[in-house]
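As structure tokens, the structure follows; a few thoughts come after it.
In what follows, every heavy atom counts, from backbone to side chain, and hydrogens, waters and symmetry copies are set aside. All figures in this text were calculated on a predicted structure; none of them were measured in a lab.
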Amino acid sequence: GISHVLTLVLQELSLLCKRDVNGIGMLYDLLRSRWLQALLKIYECLQHYLGKRPVPVMLQARALNREVVELLREAPQTGEIRELRRLLRAPHLKASPALLSAHDTVAQKDFEPTLPPLPDNIPENEEAMRIVCLVKNNQPLGATIKRHEITGDITVARVIHGGLADRSGLLYAGDKLVEVNGVPVEGLEPEQVINIL
């Protein structure tokens, strides 16, 4: 894969490096760097996973669980059937349908956010816009916002190191907020935007 190609490139560069060709030494050092090697290994692992990721046997495990429990209720009550019914009606499967529901969501690949379509008629000189999706999970965003003194736009004032926004790498100081959770923020006060966040 990529590691093999990189090894071949490094061999070629080492020959050029001995001849002291301009910039080759720096390129050689860059390609030998541990962080680049680690990134390439991660990339190869991800590519391997994407090529061989497991495919769910079925998409509706929750409905199947209900159906099997119903069928077992009508079947002759042997020890094995009673045990299987007890397992299928256990709290982690029955009382909390979240486990099977989560399975079905992942199996149906229904976990990606639905983003609105981009308009077709964007002018060439239009500023670039990013759509960012952050899931907070009861933790603070890790960023502060303010009103821009000149434009009046709501912008990210700073991103707190180690916070959700920082770890995601999706928000930067100076980014303009246009919409939060589907609510346009133009004309709102920063305090109102914080309540939406």
Task: Close side-chain approach of I154 and R147, heavy atoms under 4.5 Å - done: yes
TODO: Side-chain contact test, heavy atoms from C-beta onward, threshold under 4.5 Å: evaluate it for T155 versus D175 and give yes or no.
DONE: no
Shortest non-hydrogen contact from [X] toward [Y]:
{"X": "A173", "Y": "R158", "answer": "CB-CA, 4.2 Å"}
{"X": "V156", "Y": "A143", "answer": "CG1-CB, 4.3 Å"}
{"X": "L188", "Y": "P184", "answer": "CD1-O, 3.6 Å"}
{"X": "G142", "Y": "A165", "answer": "O-CB, 4.0 Å"}

Do [X] and [Y] share a hydrophobic cluster, counting only Ile, Leu, Val, Met, Phe, Trp and Tyr and linking them when any side-chain heavy atoms are less than 4.5 Å apart?
{"X": "V132", "Y": "V159", "result": "yes"}
{"X": "L164", "Y": "I194", "result": "yes"}
{"X": "L134", "Y": "I196", "result": "yes"}

Task: Verdict with reasoning, V193 to V180, per side chain to side chain contact (heavy atoms under 4.5 Å, CB included) - done: CA-CA 8 Å; V193 177; V180 175; 4.2 Å; yes
- [ ] Would you tell me whether D153 and T151 have side-chain atoms, one donor and one acceptor, within less than 3.5 Å of each other?
- [x]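 Judged by distance alone, the side chains do pair up.
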How long is the span from the [atom1] atom in [X] to the [atom2] atom in [Y], to the nearest 0.5 Å?
{"X": "K146", "Y": "L177", "atom1": "NZ", "atom2": "CG", "value": "12.0 Å"}
{"X": "E186", "Y": "K176", "atom1": "CD", "atom2": "NZ", "value": "7.0 Å"}
{"X": "I81", "Y": "L71", "atom1": "CD1", "atom2": "CG", "value": "10.0 Å"}
{"X": "D166", "Y": "L171", "atom1": "CG", "atom2": "CG", "value": "10.0 Å"}
{"X": "L84", "Y": "T78", "atom1": "CG", "atom2": "OG1", "value": "9.0 Å"}

Task: Test: E70 and R73 ion pair at under 4.0 Å - done: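 Looking at E70 and R73, the cut-off is met.
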Open item on the list: If you count heavy atoms of other groups shown closer than 6.0 angstrom to CD of E83, is the number above 12?
Closed with: yes
